[in-house]
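All ligand and atom numbering here is 1-based and tracks the order in the structure. Numbers here simply count residues along the sequence, with the first being 1. In what follows, every heavy atom counts, from backbone to side chain, and hydrogens, waters and symmetry copies are set aside. Just so it is clear, the model here is predicted, and its values are computed rather than measured.
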Amino acid sequence: MIKHSLTLTAAEHGYWFIVSQGRIFLYDDESVPCCALNALPFPVKESQISWIGTYNQQDCYLVVFDDRVTDAQQWHTPRSLLPVGEALFQLAARATQVALFFQTHRFCGQCGSKMHLVNWELAALCPKCGHRCYPRIAPCVLVAVLKGDEILLARSSRHKAGFFSILAGFVESAETLEQAAIREVKEEVGVDINNLRYIASQPWPFPHSLMTGFIADYVAGDIVCQPHEIAEAYWYKLDDLPETPSQHTLSGQLIALAKTLQNSK
Ligand SMILES: [Zn+2]
């Protein structure tokens, strides 16, 4: 549930997620969005405020700015809140995704008229043709492929040398999560898998993904990397891994789980 255009007196206290261009305003010495309305560094209009949830029993508000209005060093990606805790990261993810929704749904994609926000659900509605839009969420599969005491790790061509992770890919239209996992692994490294086990999910607001994590077993095929996406991929012993993602990320959690499963055998 999201509430729009609140009165400033109703929103005096709480946490303020001030978002501009996918980034959140944080004071240099704080790792959480600032408290109390009178501490905000910008003038805020009631029409800019939306209620997005609670944190530490206090209300959380989103304020969207079209432009960054102060020092770029104070605008942070939601990723910087990941080590602070899951609840705060989730609110930061919600804030940046809702801000992006507001900014990209001002006009109807079907007839070009100005859209209105619906006041009882998070949706934008075209008053002329009735076209209704909801925030985009792009599901993505992460797959930890296991073969005995080994795990398949790949380095994306976007990542630095020496940094490896499990395979990932977006779900395509009319595809199940399981079909996407099998297809992505085959496309990216040429390997067949089965016995997919769903583990967990994580919102990933860069800009609007929902990560879903699976563990799967190797069936057949030699590693053949897809040239544009995968720079290199190998089987690694679970007790001798290269640099991998932190355990704040779902990828890191799946790799840790694979190690635990191996150790318990
Ligand atoms: Zn329309």
Side-chain angles (χ1 to χ4, degrees), residues 1-11 14-25 33 37 40 42-55 59-70 72 75-79 81 89-141 168-181 183-184 201-212:
M1 180 67 191
I2 303 264
K3 299 174 205 158
H4 312 292
S5 299
L6 305 169
T7 61
L8 284 168
T9 47
Y15 292 94
W16 292 79
F17 292 78
I18 302 166
V19 175
S20 174
Q21 298 170 18
R23 289 182 170 252
I24 292 181
F25 180 84
L37 184 63
L40 289 179
F42 322 107
V44 173
K45 286 185 247 159
E46 291 176 352
S47 61
Q48 286 174 293
I49 304 174
S50 301
W51 179 91
I52 56 166
T54 59
Y55 179 72
D59 288 316
C60 294
Y61 301 99
L62 163 68
V63 177
V64 183
F65 278 94
D66 288 344
D67 302 305
R68 282 183 210 158
V69 285
T70 187
W75 295 92
H76 297 266
T77 145
R79 192 187 287 260
L81 293 174
F89 173 70
Q90 231 173 322
L91 282 159
R94 190 171 175 81
T96 51
Q97 288 183 249
V98 171
L100 182 68
F101 173 67
F102 290 165
Q103 289 180 321
T104 55
H105 290 80
R106 291 170 185 178
F107 297 95
C108 175
Q110 188 159 258
C111 78
S113 303
K114 198 165 172 21
M115 299 281 264
H116 294 171
L117 288 174
V118 177
N119 63 10
W120 59 273
E121 63 171 354
L122 183 54
L125 179 67
C126 173
K128 193 170 174 198
C129 76
H131 180 51
R132 186 182 290 252
C133 294
Y134 297 90
R136 276 174 70 187
I137 298 170
C140 182
V141 286
F170 285 105
V171 179
E172 294 185 347
S173 300
E175 197 174 43
T176 66
L177 295 174
E178 292 80 2
Q179 287 168 337
R183 175 186 52 74
E184 278 291 340
S201 63
Q202 182 178 43
W204 199 243
F206 309 105
H208 38 54
S209 298
L210 173 64
M211 298 301 191
T212 60

Open item on the list: Using modelled atom types and a 3.5 Å cut-off, is there a donor and acceptor pairing between side-chain atoms of T212 and backbone atoms of C140?
Closed with: yes
- [ ] From the options Y15, F17, Y61, F89, select the one residue that forms a ring-ring contact (aromatic ring centres under 6.0 Å, His included) with Y55.
- [x] Y15
Open item on the list: Check the orientation of F101 and H105. Use parallel for under 30°, tilted for 30 to 60°, and perpendicular for over 60°.
Closed with: tilted
Which pairs would a plain distance check flag for residues 130-138, meaning a side-chain donor or acceptor within less than 3.5 Å of a matching protein atom at least two apart in sequence or in another chain?
from : atom 1 : to   : atom 2 : distance (Å)
R132 : NH1    : E121 : OE2    : 2.5
Y134 : OH     : E121 : OE2    : 3.1

- [ ] Measure the spacing between CE of M115 and OG1 of T104 and express it to the nearest 0.5 Å.
- [x] 9.5 Å
Task: Reported CD1-to-OG1 distance for the pair I24 and T77, which is rounded to 0.5 angstrom - done: 8.0 Å
Open item on the list: At less than 2.8 Å, how many protein N/O/S atoms surround the Zn ion (ligand 1)? Leave waters out.
Closed with: 4
